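Just so you know, these numbers come straight off a predicted model, no measurement behind them. One-based numbering along the sequence shown.
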Amino acid sequence: MDSSLSVVTASIVVFVLSSAYYALLTPVEKRLLGERAPDRGDRPPPLKILLELARSLVVAAVIAGLARYAGLTGMWSVVVLGLVLWVGFPAVLLTGSMMWEKTPAATAALHAGDWLIKILVTSAIVGAWL
């Protein structure tokens, strides 16, 4: 599999994992937050599905590009890069949303977990083919 196919594969895999993650954990968030829980609706419309796939594709392409630029090879070195990216971006942004926008901790934790899974799985798939 060449690296561009790994980017597409990673995008599809993390889309499916993220969908399952939110399906399983959104009810927990709703129990914890009650009326304060965000309303995500039932099924997203097709346009949102396409946009989410595109977002996943961008993340995978960025990880692959950074890994290539840094000369990383192998799954584990790219997974470490992914972990660093998660700490530097989603984790920082989500803690900021808690501080400044009063995002409930349960919601921020839900999103942080989703981003951790997305970035680490993407990194593993892309790294396996570099």
Side-chain angles (χ1 to χ4, degrees):
M1 179 185 306
D2 77 12
S3 62
S4 54
L5 186 54
S6 72
V7 166
V8 172
T9 300
S11 302
I12 294 167
V13 168
V14 298
F15 173 79
V16 171
L17 288 174
S18 181
S19 297
Y21 176 87
Y22 278 104
L24 290 171
L25 293 179
T26 295
V28 174
E29 178 193 31
K30 285 182 179 182
R31 276 195 306 274
L32 289 171
L33 297 178
E35 291 181 16
R36 293 183 12 200
D39 181 14
R40 293 192 182 91
D42 292 328
R43 287 189 124 203
L47 180 59
K48 277 192 176 179
I49 291 170
L50 288 174
L51 289 172
E52 189 57 34
L53 281 166
R55 287 168 22 105
S56 297
L57 191 62
V58 168
V59 169
V62 166
I63 290 171
L66 286 172
R68 251 188 246 115
Y69 181 77
L72 301 178
T73 57
M75 182 175 64
W76 294 112
S77 62
V78 182
V79 167
V80 170
L81 170 66
L83 184 59
V84 169
L85 291 171
W86 178 79
V87 169
F89 295 101
V92 168
L93 291 169
L94 289 165
T95 55
S97 72
M98 288 171 49
M99 283 182 357
W100 299 108
E101 297 171 3
K102 297 185 179 22
T103 299
T107 299
L110 180 70
H111 295 320
D114 175 53
W115 273 106
L116 182 62
I117 291 166
K118 282 179 183 177
I119 290 176
L120 293 183
V121 169
T122 297
S123 297
I125 291 171
V126 168
W129 300 104
L130 286 180

- Message: Between Thr26 and Tyr21, is the side chain to side chain contact (heavy atoms under 4.5 Å, CB included) condition met? List the steps.
- Response: CA-CA 8 Å; Thr26 295; Tyr21 176 87; over 6 Å; no
- Kindly indicate, with the supporting measurements, whether the criterion side chain to side chain contact (heavy atoms under 4.5 Å, CB included) is fulfilled by Asp114 and Lys118. CA-CA 6 Å; Asp114 175 53; Lys118 282 179 183 177; 3.1 Å; yes
- Message: Pair Ile63, Leu85 - check side chain to side chain contact (heavy atoms under 4.5 Å, CB included), show working.
- Response: CA-CA 9 Å; Ile63 290 171; Leu85 291 171; 4.0 Å; yes
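Separation of atoms CG (Leu130) and CG (Leu81) is listed at 10.0 Å; rounding is to 0.5 Å. Residue Thr95 holds its OG1 atom at 6.5 Å from CE of Met99, rounded to the nearest 0.5 Å. Rounding to the nearest 0.5 Å gives a distance of 10.0 Å between CG of Leu94 and CD of Glu101. With values rounded to the nearest 0.5 angstrom, Ile12 atom CD1 is found 12.0 Å from Leu17 atom CG. A distance of 12.0 Å separates CG in Leu110 from OG1 in Thr103, rounded to the nearest 0.5 Å. Atoms CG and OG1, from Leu33 and Thr107 in turn, are 4.5 Å apart once rounded to the nearest 0.5 Å.
The nearest pair of heavy atoms linking Ala10 to Val126 is CB-CG2, 4.4 Å. Nearest heavy atom pair, residue Val7 against residue Ala64, reads CG2-CB, 3.8 Å. Of all heavy-atom pairs spanning Ser11 and Ala60, the tightest one is OG-CB, 3.9 Å. Nearest approach of Val78 to Gly127, heavy atoms of both residues: CG2-CA, 3.6 Å. What you find for Ile125 and Trp129 is that their closest heavy atoms are O-CD1, 2.9 Å. The shortest non-hydrogen separation linking Lys30 to Pro38 is CE-O, 4.5 Å.
Applying the ring pair (Phe, Tyr, Trp, His ring centres under 6.0 Å) rule to Phe15 yields no partners; only residues at least two apart in sequence or on another chain are considered. In this structure Arg40 satisfies the salt bridge (charged side-chain N to carboxylate O under 4.0 Å, His left out) test together with Glu29, sequence neighbours excluded.
Two residues are said to be in side-chain contact when any heavy atoms from C-beta on lie closer than 4.5 Å; Val59 and Phe89 fail this criterion. Residues Ile117 and Val14 form no side-chain contact, since every pair of their non-hydrogen atoms from C-beta on lies 4.5 Å or further apart. The shortest distance between side-chain heavy atoms of Lys102 and Arg36 does not fall below 4.5 Å.
The list of salt bridge (Lys or Arg N to Asp or Glu O under 4.0 Å) pairs with a residue in residues 87-99, not counting sequence neighbours, is empty.
Using a 4.5 Å cut-off between side-chain heavy atoms of Ile, Leu, Val, Met, Phe, Trp and Tyr, with links allowed through other members, Leu57 and Leu53 fall into different hydrophobic clusters. Transitive grouping of hydrophobic side chains (ILVMFWY, heavy atoms separated by less than 4.5 Å) brings Val8 and Val58 into a common cluster. One hydrophobic cluster, built from ILVMFWY side chains closer than 4.5 Å, holds both Ile119 and Val62. Leu66 and Val87 fall within the same hydrophobic cluster, defined by Ile, Leu, Val, Met, Phe, Trp and Tyr side-chain heavy atoms under 4.5 Å apart, directly or through other members.
Exactly one of Val92, Leu116, Leu120 qualifies for a side-chain contact (heavy atoms from CB on, under 4.5 Å) with Trp86. That residue is Leu116.
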